[in-house]
Amino acid sequence: MLHPSTVSWTALITAYMDAGRVQEAVGVARKAFASGMRPDSFTVVRVLNACARVTDLVTGEAVWRAAEQEGIAGSMFVATAALDLYVKCGEMEKARAVFDRMQNKDAVAWGAMVGGYASSGHPREALELFFAMQAEGMRPECYTVVGALSACTRLGALDLGRRAVGMLHCDEVLDNPVLGTALIDMYAKCGNTGEAWTVFQQMRKRDIIVWNAMILGLGMTGHEKIAFALVGQMEKSGMTLNDNTFIGLLCSCTHTGIVRDGQRYFRNMTQLYRISPRIEHHGCMVDLLSRAGLLEEAHQLIEDMPMQANAVVWGALLGGCKIHRNADLAEDVLKQLIQLEPWNSGNYVMLSNIYSNSGRWEDAAKLRLEMKASGVEKVPASSWVELAGKVHEFRVGDKSHPLSDKMYEKLDELGMEMKIMGYKPTTEVVMFDIEDEEKEHTLVHHREKIAIAFSLLTTEPGETIRVTKNLRVCSDCHTAIKLISRITNGEIIVRDNNRFHCFRDGHCSCNDYW
DNA sequence: ATAGGGTTAG
């Protein structure tokens, strides 16, 4: 028999939750537990759910401990709610510990775990789990497939994504806007806008997020005209544009460098549509202006923003500095970035390259010390290729792959052809590049080149090659891959840590803006 | 009854 006070506490908490006042719900829960409430599993689930929504790990963990004491932690519902709490707070190891201890796991628990890994920057673990689930005889359903697709998007693993979605019935996909969004996003971000478009057209239920994903997908891949037209169609079909629609529009303008249109959309958004720009919108504008070379205006926009600039906004300005070779401004920006994300080694490396390039050896040395002192570790460069459903990874300094010798041979062979075409390998790292620790052969054997060599050895001539890497493509590799695409007469798609490059016949889809 | 999902600027 439940204690009556538990029932009324629960009712109160639930009422706050239903009213969308999650923070207050958590506050009430804290009071309830402090007053010695004996929780039942229903209450615990509700409270854990609320804590997850506001990422209140401290309260959530206290509740989870209380549940353990009460002997209700074994409930699948309670455990799943705790797992979700950890996922939402980015505590994947703790989430995994809860997951591993669960005796019965249903599709919800698996789905939460797969999705959690995917959204927290562990896409490979997400896919591992997705396959482990099937090995245990569970049929993949919508929720786990959404998580798997999201992981594939991050990995650029197009075939695995296709396979994952192929496990569902076609109807299930076309009737489910959540799945549709994940699928459209995956195709677009893997450089396959055509297939994204096909899915979009076939979808039977399209909510605003589906439309926005398609608009953004088009804008990011250089189909800005279609993106603009789609927004028109969207309005005609009675949808109201929202803040994310404008992200897509502004991105489209950025990709083609049409500053005037971008400024117009930005104005219309606030004045006509009464949407107040978030930091993301300002970021798009900074990006748009910076790429167009209007660095001062972009800098001014950051100063005038009603909110504090974050790393992304400064990053956009930095991007402009790179394109327009403005080392002085870049120095200021990088200092800001180091303040904002002191853990990001890329910023230190880039700044140190700028110093070295202008002969400021002392500054460079000082920076290196600073980096060491703050315990920042460089992210080892790594690239990977998907082949027949298996992800082959190539890390710096790792020659353990069975085809290793052949890959280096292939690279040498390509190198000779490239030389004939006038390619001069850069032996020094360029000012704004971030990989400088690959000592083997200066830049000649960067991971993405190794990965491409691997792909050339394992695919049919002319077949599209897809490589994904964890850092930015360096300028030398970018030039080299353009030439390789001409030599092999095939398409090479390289996914960066933030965009993709589609190389074909000596040309790249990013128009050398990256 | 009670738990889980998609898009979002460098």
Side-chain angles (χ1 to χ4, degrees), chain A residues 10 14 17 40-49 52 72 75-85 87-88 102 105-116 118-119 141-150 153 176-186 188-189 196 207-217 219-220 242-251 253-255 262 277-288 290-291 298 309-323 333 337 340-341 344 346-347 350 472 496-499 513-514:
Chain A
T10 304
T14 308
M17 290 285 287
D40 64 325
S41 56
F42 168 48
T43 314
V44 168
V45 167
R46 273 332 278 284
V47 175
L48 286 174
N49 185 8
I72 50 178
S75 146
M76 188 163 63
F77 293 123
V78 173
T80 309
L83 189 162
D84 179 50
L85 167 83
V87 164
K88 294 281 153 57
M102 287 175 74
K105 304 175 178 87
D106 65 353
V108 180
W110 283 96
M113 208 58 211
V114 172
S119 60
E141 39 65 75
C142 294
Y143 295 117
T144 34
V145 171
V146 166
L149 282 177
S150 164
T153 305
N176 184 337
V178 176
L179 259 166
T181 303
L183 194 55
I184 288 169
D185 185 49
M186 185 203 69
K189 296 226 171 100
D207 63 11
I208 184 143
I209 308 184
V210 174
W211 283 85
N212 286 347
M214 190 65 240
I215 290 161
L216 186 76
M220 282 179 35
N242 72 5
D243 44 357
N244 283 332
T245 318
F246 280 93
I247 295 281
L249 282 171
L250 295 175
C251 266
C253 298
T254 302
H255 195 277
R278 288 180 286 127
I279 190 160
E280 286 88 345
H281 299 96
H282 285 104
C284 286
M285 289 308 289
V286 171
D287 193 17
L288 178 65
S290 307
R291 277 179 207 268
N310 61 15
V312 181
V313 175
W314 286 116
L317 182 56
L318 178 65
C321 295
K322 282 177 205 162
I323 296 163
V333 174
L337 277 170
L340 281 168
E341 32 178 44
N344 185 341
N347 296 325
M350 224 181 272
R472 245 169 43 89
D496 224 60
N497 51 358
N498 57 37
R499 66 184 57 237
Y513 275 23
W514 87 98

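Bear in mind that the values here come from a model prediction, so they are computed numbers and not experimental data. We name chains A, B, ... by the order of the sequence lines, and we start the count at 1 in each one.
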**Q** How many whole angstroms separate atom CG of A:Asp40 from atom P of B:dA1?
**A** 15 Å
**Q** Would you classify A:Ile279 as touching base, sugar-phosphate or nothing, given that sugar-phosphate means primed atoms plus P, OP1 and OP2, and contacts are heavy atoms under 4.0 Å?
**A** base
**Q** State which of B:dG10, B:dT7, B:dA9 makes the closest approach to the side chain of A:Asp185.
**A** B:dT7
**Q** Rounded to the Å, how far apart are A:Leu149 CG and B:dG6 P?
**A** 11 Å
**Q** With A:Asp243, which residues qualify under side chain to side chain donor-acceptor pair (under 3.5 Å), at least two apart?
**A** A:Arg278
**Q** I need the CG-P distance between A:Asp287 and B:dA9, as an integer number of Å.
**A** 10 Å
**Q** A:Asn49: what forms a side chain to side chain donor-acceptor pair (under 3.5 Å) with it, not counting sequence neighbours?
**A** none
**Q** Could you tell me the separation between the CG atom of A:Leu318 and the C1' atom of B:dG10, rounded to a whole number of Å?
**A** 8 Å
**Q** Considering residues at least two apart in sequence or located in another chain, which fulfil the side chain to side chain donor-acceptor pair (under 3.5 Å) criterion with A:Thr43?
**A** A:Thr10, A:Asp40
**Q** What is the distance from CG of A:Leu183 to P of B:dG6, rounded to the nearest Å?
**A** 15 Å
**Q** Remember a base hit wins even if backbone is also touched, and classify A:Val145 as base, sugar-phosphate or nothing at under 4.0 Å, heavy atoms.
**A** nothing
**Q** Holding to side chain to side chain donor-acceptor pair (under 3.5 Å), I want the full list of residues that pass it with A:Ser150, two or more places apart in sequence or in another chain.
**A** none
**Q** Which whole-number value in Å describes the distance from A:Leu288 CG to B:dG10 C1'?
**A** 14 Å
**Q** Could you state the atom-to-atom distance from CG of A:Leu337 to C1' of B:dA9 in whole Å?
**A** 14 Å
**Q** Counting only pairs under 3.5 Å, give me each side-chain donor-acceptor contact of residues 309-316 of chain A, with atom names and distances, residues two or more places apart or in other chains.
**A**
residue	atom	partner	partner atom	Å
A:Asn310	OD1	A:Val312	N	3.2
A:Asn310	OD1	A:Val313	N	3.0

**Q** Which part of the nucleic acid does A:Asp243 contact within heavy-atom distance under 4.0 Å: base, sugar-phosphate only, or nothing?
**A** nothing
**Q** What's A:Val78 touching, base or sugar-phosphate or nothing? Going by heavy atoms closer than 4.0 Å.
**A** nothing
**Q** Is the closest side-chain donor-acceptor distance between A:Asp287 and A:Ser290 under 3.5 Å?
**A** no
**Q** Just to be sure I understand the rule, does A:Asn344 reach a base, reach only the sugar-phosphate, or reach nothing, if contact means heavy atoms closer than 4.0 Å?
**A** nothing
**Q** Using a cut-off of under 3.5 Å, enumerate the N/O to N/O pairs linking the protein to nucleotides 3-5 of chain B.
**A**
residue	atom	partner	partner atom	Å
B:dA3	N1	A:Asp106	OD2	2.8
B:dG4	OP1	A:Asn49	OD1	3.1
B:dG4	OP1	A:Asp84	OD2	3.2
B:dG4	N2	A:Glu141	OE1	3.0
B:dG5	OP1	A:Lys88	NZ	2.6
B:dG5	N2	A:Asn176	OD1	3.3
B:dG5	N2	A:Asn176	ND2	2.8

**Q** Does the pair A:Ile184 and A:Val210 meet the rule for a side chain to side chain contact (heavy atoms under 4.5 Å, CB included), with working shown?
**A** CA-CA 8 Å; A:Ile184 288 169; A:Val210 174; 3.8 Å; yes
**Q** Can you figure out which of B:dG10, B:dA9, B:dG6 approaches the side chain of A:Ile209 most closely?
**A** B:dG6
**Q** Starting at CD of A:Glu280 and ending at C1' of B:dG10, how long is that distance when rounded to a whole Å?
**A** 12 Å
